[in-house]
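Some notes on the structure that comes next.
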Amino acid sequence: EGQADDRVCLTCPFTMGQDCGGFDPITLAVRTQDGTACEHVFSCHSRRRRVRIRHARSLEGSVPMVEQDLEMVDGAASNPGLLALIEVARAAREIVAFTGAGISTESGIPDYRGEGRDTRGPKVPSAAEFRRNPEVRRAYWESRRTRYPEMRATAPNAGHLALAVLERAGLVKAIITQNIDGLHQAAGSDPSRVVELHGTTHVVRCLDCGTTWDAQVIHERLENGETVPACDRCGGPLRAATVLFGESVPREALDRAIEL
């Protein structure tokens with residue numbers, strides 16, 4: 001069962017028998033002993049059976065591993081939709097992933113349309129409302145002061161980790177995402193390979209002069225008492241570098257997504 005061949009296994013993006021660097025952060029079951037060895041347990045989709053591969057390399061400095069019940073391995077192997085997706089991916093020379101809100105719901109981020117949508121705070125304003133109404137800007141920053149730390153602390157889930165591992169294995173060329181949460185990068189995907197169509201909540205920009213800051217810098221200003229921060233260069237209004245209703249997708253991001 002553990003012999004090397006050219007099949008790509010269901011939950012491990014590496015070829016069977018190929019050294020995967022000592023661990024796989026999306027393996028559905030992991031066993032470790034003294035932090036020096038790991039055992040992958042996964043199902044080979046072409047043989048429909050469980051396969052075990054052991055590695056004996058140091059895990060020092062590795063990304064924390066995701067551990068789940070072994071029953072999930074068997075469940076995945078019997079999922080027709082997942083198996084069909086794997087068959088499509090196996091034949092592909094390059095894969096470009098296109099993700100939306102659904103990939104981040106398991107990290108606790110609501111999709112704003114589904115049953116678990118978040119109704120806290122003010123509704124998301126349009127770009128025009130934000131510019132013309134000071135009260136809209138005040139409510140926006142008041143909500144962001146309490147909610148941005150939650151977003152910053154949100155951890156990527158197995159879906160984000162899976163794409164990052166597939167990228168490192170040379171199977172995923174790029175990720176195009178509608179999400180603004182930055183969880184693909186947090187999972188280990190190369191930022192230069194992630195196209196954020198709707199921008200990112202982790203950058204704040206001036207709407208007048210275009211100056212940008214790391215969002216944490218502006219958050220510290222809020223914590224120090226500012227209620228509606230303004231640009232310290234031109235005095236213009238600030239907000240997260242995201243696309244609001246009434247705005248177009250940034251041309252550079254759109255062009256790159258189309259090219260991919």
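This structure is a prediction, so every number in the text was calculated from the model and none was measured.
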Heavy-atom neighbours of R233 CZ exceed 12 at 6.0 Å: no
Under 3.5 Å donor-acceptor, S143 side chain and Y140 backbone: no
ILVMFWY cluster, F245 and V243 together (side-chain gap under 4.5 Å): no
Donor-acceptor pairs under 3.5 angstrom involving side-chain atoms of residues 222-232: please list them, not counting sequence neighbours.
residue : atom : partner : partner atom : Å
N224    : ND2  : E220    : O            : 3.1
E226    : OE1  : R221    : NH2          : 3.2
E226    : OE2  : R221    : NE           : 2.8

Polar side-chain atom of T105 near backbone of A101 as donor-acceptor pair, under 3.5 Å: no
Minimum-distance pair of heavy atoms, taken over all atoms of R137 and P237: CD-CB, 4.1 Å
I258: hydrophobic cluster co-members (side-chain, 4.5 Å): V96, F98, I176, V195, L197, V249, L254, L260
Shortest non-hydrogen separation from R144 to P149 and the atoms involved: O-CD, 4.1 Å
Polar side-chain atom of H198 near backbone of I180 as donor-acceptor pair, under 3.5 Å: no
Minimum heavy-atom distance H202-D181, with the two atoms named: NE2-O, 2.7 Å
Name of the residue among E196, H160, R193 meeting side chain to side chain donor-acceptor pair (under 3.5 Å) with Q185: E196
Salt-bridge criterion met for R256 and E259 (N-O under 4.0 Å): no
Value rounded to 0.5 Å, distance of CD1 in I95 from NZ in K173: 12.0 Å
Any donor-acceptor pair under 3.5 Å from E106 side chain to A158 backbone: no
Check: G199 main-chain N/O paired with T242 side-chain donor or acceptor under 3.5 Å: no
Residues D208, R131: salt bridge by 4.0 Å N-O rule: yes
Hydrophobic cluster membership, L171 vs I103, 4.5 Å side-chain cutoff: yes
Side chain T177, main chain N179, donor-acceptor under 3.5 Å: yes
Derivation and outcome, side chain to side chain contact (heavy atoms under 4.5 Å, CB included), residues M151 and I109: CA-CA 8 Å; M151 175 67 80; I109 298 177; 3.8 Å; yes
Heavy-atom closest contact (L238 atom, W213 atom, distance): CD2-CZ3, 3.5 Å
Expected output: side-chain S104 to main-chain S107 donor-acceptor under 3.5 Å: no
Whether H219 and Y148 hold their rings parallel, tilted or perpendicular, with breakpoints at 30° and 60°: tilted
Taking every non-hydrogen atom, the tightest pair across L163 and A97: CD2-CB, 3.9 Å
Heavy-atom closest contact (R239 atom, A127 atom, distance): NH2-CB, 4.5 Å
